[in-house]
Amino acid sequence: MKKFSSIVLLSAALAGFASTPVFAQDAAFGGARLETLTEQLKLTNDQQLQIKALLENYAKEAAVIRDGLVAAQESIRRVNLARLGDADVKRLSREAGRLSAEHTAALLNTQRGFYGLLDKDQKQAYNKMRAEALEASAIMNGK
């Protein structure tokens, strides 16, 4: 279990929307901290700074998306059911889908940016860590 908690699972599904760099880091790196990445992948100072910038950008994007999601959820809660028509359902569904797509793009672009910063050896080590994390996750989920 300790091994799993220290493994970076960058492609893990995001459970919520990040609003600060710390939460963004948890989301983008599957709960692993930059310190763990630095240690296990032997990240340079320059790489660490670039990753911090990626995380800060992701946190900003995720905060905007979260605010949009909160507004969309409020619209859904307040909908007048007596007047709810197919067009309203489509409009609200489209907005929820748009926000989900924006979040997915922000998360994947952050992950892609991170992976692009790694050298060949770091990518190999990260791929191994990721495979181990996926295996551990499957075991934990009874698969």
**Student:** CG of Leu134 to CD1 of Ile139: how many Å apart, nearest 0.5 Å?
**Tutor:** 11.0 Å
**Student:** Could you tell me whether Glu135 atom CD has more than 12 heavy atoms of other residues or ligands within 6.0 Å of it?
**Tutor:** no
**Student:** Got a sec, which residues hit salt bridge (Lys or Arg N to Asp or Glu O under 4.0 Å) with Arg77, two or more places apart in sequence or on another chain?
**Tutor:** Glu74
**Student:** Considering only distance and modelled atom types, tabulate donor-acceptor pairs under 3.5 Å from the side chains of residues 84-97, sequence neighbours left out.
**Tutor:**
unit_1	atom_1	unit_2	atom_2	d
Asp88	OD2	Gly85	N	3.0
Ser93	OG	Val89	O	2.8
Glu95	OE1	Arg98	NE	3.0
Glu95	OE1	Arg98	NH2	3.3
Glu95	OE2	Arg98	NH2	2.5

**Student:** With rounding to the nearest 0.5 Å, note down the distance linking CD in Gln48 to CD in Glu35.
**Tutor:** 8.5 Å
**Student:** Got a second to check how far Leu117's CG is from Leu43's CG, nearest 0.5 Å?
**Tutor:** 9.0 Å
**Student:** Could you tell me whether the side chains of Arg112 and Asn109 share a donor-acceptor contact shorter than 3.5 Å?
**Tutor:** yes
**Student:** Would you say Lys42 has more than 12 foreign heavy atoms packed within less than 6.0 Å of its NZ?
**Tutor:** no
**Student:** Just by modelled atom types, is the Ser100 backbone N or O under 3.5 Å from a matching donor or acceptor in the Thr104 side chain?
**Tutor:** yes
**Student:** For the side chain of Asn57 and the backbone of Ala53, is there at least one donor-acceptor N/O pair under 3.5 Å apart?
**Tutor:** no
**Student:** State the CG-CD1 distance between Leu41 and Ile51, to the nearest 0.5 angstrom.
**Tutor:** 8.0 Å
**Student:** Let me confirm one number: the CG-OH distance from Asn127 to Tyr115, rounded to the nearest 0.5 Å.
**Tutor:** 3.5 Å
**Student:** For the atom pair CG (Asn45) and CD (Gln50), what is the distance rounded to the nearest 0.5 Å?
**Tutor:** 11.5 Å
**Student:** May I have the step-by-step check of side chain to side chain contact (heavy atoms under 4.5 Å, CB included) for Phe114 and Leu118, ending in yes or no?
**Tutor:** CA-CA 7 Å; Phe114 164 78; Leu118 303 179; 4.0 Å; yes
